[in-house]
Amino acid sequence: MRLLLVNPKFPESFWSFKWAIDEVLPRRRATNPPLGLATLAALCPSDWEVTIVDENVETLPLTPAADLVGVCGMGVQFPRQSELLRYYRSCGYYVVAGGSYASLCPEKYEGIADTVVAGEAEHIWPQFCGDFAVGFPQSLYREEGTVALTDSPVPRFDLLKLDRYSMASLQFSRGCPFRCEFCDIIVMFGRRPRVKSLEQVGRELDVLRTLGMRRVFFVDDNLIGNRPQALALLAFLAEYQQTHKYRFSFGTEASLNLARDGELLRLFRAANFSWVFIGIETTDEESLKETKKMQNIGGDILADVHRMYSNGIDVLAGFIIGFDHDTAATFEQQRKFIMASGIQSAMIGLLHALPRTPLFERLQREGRLRDVSENCDNTNAGTNVVPKHMEYDDMVARYKALYYDLLTDAAIAARVRNKLRHMRSPLYGGAFTTRETLLILWRLLTRGIVPGGPRRWAAFARSMPWLSPANLAWVVSDWIIALSMADFARRRLGAPSGNGAAERCLAAIRVALARYIEAGRAALHVATAPVPDVSLTLRGWLEPRFFRRAARPLVRLLACTPSTVTLRIEALHEAAGPHLARLLGCLRRHGDRVSIVVDERLQQLAGIDSSVFNLVLADAAVDALPGFLAPGRTRQASSARGGRTS
Ligand code: B12
Ligand code: SF4
């Protein structure tokens, strides 16, 4: 049996670190590989041929040699996941949905997938494989019991293109003992953390080591959820690292009580954990009580962060605004804390209610849920929660302003300095070779610091650890993180100067393409809300000059505004293929905001990479034009946007 497993493209967010991936990190395309798919592949019968395609790092096969296709996804991936399921199903493949969102809301996949796998797959996937092989697969497989993680196989890391990611993933435990009101982890995985054996972890590390990986993310919900097991794991890792000359640099997620546990901290350092992501959420005790985040109450959170630093562990943190106790004053309170703590990777989100969580159920009872369909990314300047003590629009505006404030050069440098006051230098070498480190530093300087102008140079110089050069690595990584976040905020949160710039760019596009539009060889549609969307249709003979003229104003529009561009290629002369490819090369940097609607044969001609551009996959027929490579099946935008024709 031939199985294709697909991880759909993520919408870009703060988590993508796109600037770092594109500009600084050598040869990387995304941060993390899809560990769920690698685990699923290991659960297949040994005679199945499994291929994993992660659309975040490679293009999608449109006609794969497969008998069935499995597509995973978190809530943020649901729009693309359902598009892929529909597409492959319409091509005649048997399609299966699974992953985080299918586990939380299997009902959403009715009519989209042939089979839905809800919950941990260790027991139910082999059942499905057996049923499929004999021709009787069911439409739903739901894990109702508890999966022992000792039943989880070593993931098929060999099927992932690991060299395209900035780190590998490994999972030790599932579940968390706490009961935060907004959290779906305890709904999906329960409150009694289950763990793998140390022998399993050792085997997984051995495989990652032979595959050349150095940075490993323990993707546990809370690595210290079961303290005795965490202590055993850390002691094991410390020994493993010593045996293997501190080959790995680790990172993970843990609850804040880690900072108040000397023994755990000591072992984290001994095992070479260089960073930990912590859900701080807020420093307002009333809001913490409201959301039942009791483990964060009763201590000094700033001192906790400093204690982590003094153990050589960097802190990445999640913050939430929009609790019922929050008011407009909360933004300043959060800003002050984030600045004082020196946390550069501050993932601030608006409180979002995920289905099935206690928060969702409470707000539903109170009639306080807004309908924003599948937007499950709480760093997206929008939420499905109606705030209690703030106007929605005002809250969103303040949210954006908070990010702008935190991402100025001066604020970035001040946070670096605040961190370095407490940060202890790393105990062991970094995760990059000397050559890679020098290349990263060079790229940061030439592509990030120098283009920022004298103010950024001065800010960067002020943040340098002149008296403790061993801390340089922290400074470099903080600037890379911060410039990535600033780049995303500028492009995607809608800079205040955006509208005037959009009008000017649109006028330039109209002028550049006027004669082709008049001749009916191209058409331009512009929708203005919520952000300008320019839809350019290519439908006749277009000479090389057309592509050159189109490139400049389109790139400007994408670079200076949060606009989106849709290219509809209805027909394309063979000779124009390379010119279109050159135009796409210019748009590549902004590819996540460029949708391409194109026939699959024309796609081959133009070489469209779906990991770079949004390749739209819904079906529609378009009349063939004589003399051109004419579409048999044309992909068309799934959502029609209102607009006018110029
Ligand atoms: C690592 C991780 C990430 C990584 C990326 C991971 C990746 N490339 O896939 C990073 C840090 C980038 C990330 C980002 C985000 N994440 Co995240 N992430 C995780 C985390 C901690 C681990 C995922 C993992 O690898 N698990 C290990 C594997 C083995 O388990 P699994 O994925 O559940 O897979 C099992 C089953 O689901 C099943 N399965 C999986 N795939 C498939 C496919 C098929 C076909 C089938 C049949 C079965 C199947 O088999 C596996 C074995 O049992 C989870 C928490 C969690 N415990 O899952 C959150 C989680 C998935 N993330 C979540 C969220 C919300 C986000 C963000 C949107 C953050 C935000 N702002 O709110 C962003 C996305 C931003 C973006 N647009 O890029 C939520 C998803 C909620 C939901 N139910 O949809 C989770 C559950 C955490 C949470 N509650 O907050 N995340
Ligand atoms: S500590 Fe984290 S994983 Fe645990 S319940 Fe709270 S939010 Fe969920």
Side-chain angles (χ1 to χ4, degrees), residues 3 5-7 9-18 30-40 42-43 54 56-57 68-78 81 85 95-105 113 115-125 128 141 143 147 149 151-153 155 165 167 169-171 173-189 191 193 217-222 225 252-257 277-279 281 291-296 316 318 320 347-349 352 354-357 374-380:
L3 165 68
L5 292 174
V6 182
N7 183 31
K9 193 149 71 163
F10 281 101
E12 195 197 341
S13 75
F14 281 112
W15 289 96
S16 313
F17 294 105
K18 184 171 162 52
T31 55
N32 301 87
L35 185 62
L37 294 186
T39 307
L40 201 69
L43 290 164
D54 179 358
N56 298 285
V57 303
L68 70 160
V69 179
V71 188
C72 70
M74 306 180 193
V76 286
Q77 291 168 292
F78 182 70
Q81 183 190 26
L85 288 165
V95 296
V96 187
S100 292
Y101 205 53
S103 299
L104 203 57
C105 335
T115 288
V116 185
V117 175
E120 296 163 71
E122 276 75 2
H123 298 164
I124 51 183
W125 180 251
F128 164 79
Y141 291 78
E143 176 55 68
V147 169
L149 282 199
D151 293 343
S152 199
Y165 301 92
M167 57 190 115
S169 301
L170 191 155
Q171 189 179 42
S173 69
R174 289 182 197 155
C176 175
F178 298 114
R179 53 170 78 226
C180 307
E181 191 192 24
F182 54 81
C183 181
D184 63 333
I185 289 296
I186 42 186
V187 178
M188 291 190 290
F189 301 109
R191 293 189 49 224
F217 176 13
F218 276 85
V219 294
D220 296 39
D221 311 310
N222 181 0
T252 193
E253 301 183 38
S255 44
L256 186 61
N257 47 318
F277 182 92
I278 303 235
E281 327 303 8
T291 199
K292 300 192 173 54
K293 194 136 198 153
M294 309 314 269
Q295 71 274 22
N296 285 18
L316 289 62
I320 296 179
M347 294 298 178
I348 312 163
H352 186 93
L354 286 166
R356 306 261 193 284
T357 57
E374 312 306 334
N375 173 17
C376 301
D377 181 350
N378 71 349
T379 63
N380 209 12

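Counting starts at 1 for both ligands and their atoms, following the listed order. Given the structure is predicted, the values throughout are model-derived calculations rather than measurements.
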Just let me know how Phe14 lines up against ligand 1, side chain, backbone, both or neither, with a heavy-atom cut-off below 4.0 Å. neither

Polar contacts were defined as any N/O atom of the residue lying under 3.5 Å from an N/O atom of the ligand; does this apply to Phe217 and ligand 1? no

Which of the numbered atoms in ligand 1 are under 4.0 angstrom from any heavy atom belonging to Trp125? 47 (C)

Could you see which bit of Phe128 sits under 4.0 Å from ligand 1, with heavy atoms only: side chain, backbone, both or neither? neither

Compare every heavy atom of Ile124 with every heavy atom of Gly119, then report the nearest pair and how far apart it is. O-CD1, 4.4 Å

Nitrogen or oxygen atoms of Glu122 and ligand 1 under 3.5 Å apart: yes

Kindly indicate whether the side chain of Pro355, heavy atoms from C-beta on, has any atom under 4.5 Å from the side chain of Tyr101. yes

Parallel under 30°, tilted from 30 to 60°, perpendicular over 60°: which one fits the rings of Tyr141 and Phe128? perpendicular

Closest non-hydrogen atom pair, Asp221 against Phe189: OD2-CD1, 3.9 Å

So is Phe189 in contact with ligand 1, going by heavy-atom distances below 4.0 Å? yes

Roughly how far, to the nearest 0.5 Å, is CE of Met74 from CG of Leu354? 11.5 Å

Where's the contact between Val117 and ligand 1, heavy-atom distance under 4.0 Å: side chain, backbone, both or neither? side chain

For Met188, the atoms of ligand 1 under 4.0 Å from one of its heavy atoms are 86 (C)

Distance col, row Leu85:CG vs Phe78:CZ, nearest 0.5 angstrom, shows 8.5 Å

I need the atoms of ligand 2 closer than 4.0 Å to a non-hydrogen atom of Gln295, numbered in the order shown. 1 (S)

Numbering as shown, the atoms of ligand 1 that approach Leu104 to under 4.0 Å (heavy-atom distance): 83 (N)

Mind listing the closest non-hydrogen atom pair of Glu122 and Arg174 along with its distance? OE2-NH2, 2.9 Å

Contacts of Lys293 meeting salt bridge (Lys or Arg N to Asp or Glu O under 4.0 Å) (sequence neighbours excluded), chain-then-number -> Glu281

Quick check on contacts: which atoms of ligand 1 are under 4.0 angstrom from a heavy atom of Cys72? 41 (N), 42 (C), 43 (C)

One should read off an interatomic distance between Thr252 OG1 and Asn222 CG, to the nearest 0.5 angstrom, of 8.0 Å

Do any nitrogen or oxygen atoms of Asp184 come within less than 3.5 Å of a nitrogen or oxygen of ligand 1? yes

Quick check on Glu12 - does any of its heavy atoms sit under 4.0 Å from an atom of ligand 1? no

Shortest reach to atom 42 (C) of ligand 1 by a heavy atom, considering only Gly70, Ala118, Gly99: Gly99

Backbone, side chain, both or neither: what part of Pro33 comes under 4.0 angstrom of ligand 1, heavy atoms only? backbone

Quick check: does Asn32 get an N/O under 3.5 Å from an N/O on ligand 1? yes

Gly75 to ligand 1: N or O pair under 3.5 Å? yes

Considering only heavy atoms, does Leu40 approach ligand 1 within less than 4.0 Å through its side chain, its backbone, both, or neither? side chain

Pairs of donor and acceptor atoms involving the side chains of residues 175-186, under 3.5 Å and at least two apart or interchain, shall be tabulated with distances.
from	atom 1	to	atom 2	distance (Å)
Glu181	OE1	Arg362	NH2	3.2
Glu181	OE2	Arg362	NE	2.6

In ligand 1, which numbered atoms sit nearer than 4.0 Å to a non-hydrogen atom of Val219? 1 (C), 21 (C), 22 (C), 24 (C), 25 (O)

How does His352 reach ligand 1, if at all, at less than 4.0 Å between non-hydrogen atoms: by side chain, backbone, both, or neither? neither

Quick one: are Val95 and Val71 in side-chain contact, heavy atoms under 4.5 Å? no

Polar contact flag for Thr31 and ligand 1 (N/O pairs, less than 3.5 Å): no

So do the side chains of Pro33 and Asp54 get within less than 4.5 Å of each other, counting heavy atoms only? no

How long is the straight-line distance from CG of Leu5 back to SG of Cys72, given to the nearest 0.5 Å? 8.0 Å

If you define the side chain from C-beta out and look only at heavy atoms, does anything of Trp15 sit under 4.5 Å from Thr31? no

Does Arg191 have a heavy atom less than 4.0 Å from any atom of ligand 2? no

Protein residue, atom and distance nearest to atom 2 (Fe) of ligand 2, heavy-atom basis: Lys293 NZ, 4.1 Å

Within this structure, what is the CG-CZ distance for the pair Leu170 and Phe217, rounded to the nearest 0.5 Å? 11.0 Å

Distance filter under 4.0 Å to Ala121 heavy atoms, resulting ligand 1 atoms: 38 (C), 50 (O), 52 (C), 53 (O)

Any idea which atoms of ligand 1 are less than 4.0 Å away from a heavy-atom of Tyr101? 84 (O)

Does some non-hydrogen atom of Pro11 fall short of 4.0 Å from ligand 1? yes

Can you check which of Lys18, Met74, Met347, Lys9 brings a heavy atom nearest to atom 66 (C) of ligand 1? Met74

Tell me which part of Val71 gets within contact of ligand 1: side chain, backbone, both or neither, using heavy atoms under 4.0 Å. backbone

Using a 4.0 Å cut-off to any heavy atom of Val96, which atoms of ligand 1 qualify? 45 (C)

Main-chain N/O of Lys18 paired to Ser16 side chain as donor or acceptor, under 3.5 Å: no

Does any N or O atom in Trp15 lie less than 3.5 angstrom from one in ligand 1, N or O only? yes

Indicate the atoms forming the closest heavy-atom contact of Ser169 with Leu35, along with that distance. O-CD1, 3.6 Å

With Thr115 via side-chain hydrogen bond (donor to acceptor under 3.5 Å, both in side chains) - residues at least two apart: Tyr94

Heavy-atom pairs closer than 4.0 Å: do any link ligand 1 to the side chain of Glu253, the backbone, both, or neither? side chain

Return all protein N, O or S atoms below 2.8 Å from atom 8 (Fe) of ligand 2, chain by chain in residue order. Cys183 SG

Can you see which heavy atom on Glu120 is nearest to which on Glu143, and at what distance? O-CB, 3.7 Å

Are Glu253 and Asp220 side-chain neighbours, meaning at least one heavy-atom pair lies under 4.5 Å? no

Indicate the atoms forming the closest heavy-atom contact of Pro153 with Ala42, along with that distance. CG-CB, 3.6 Å

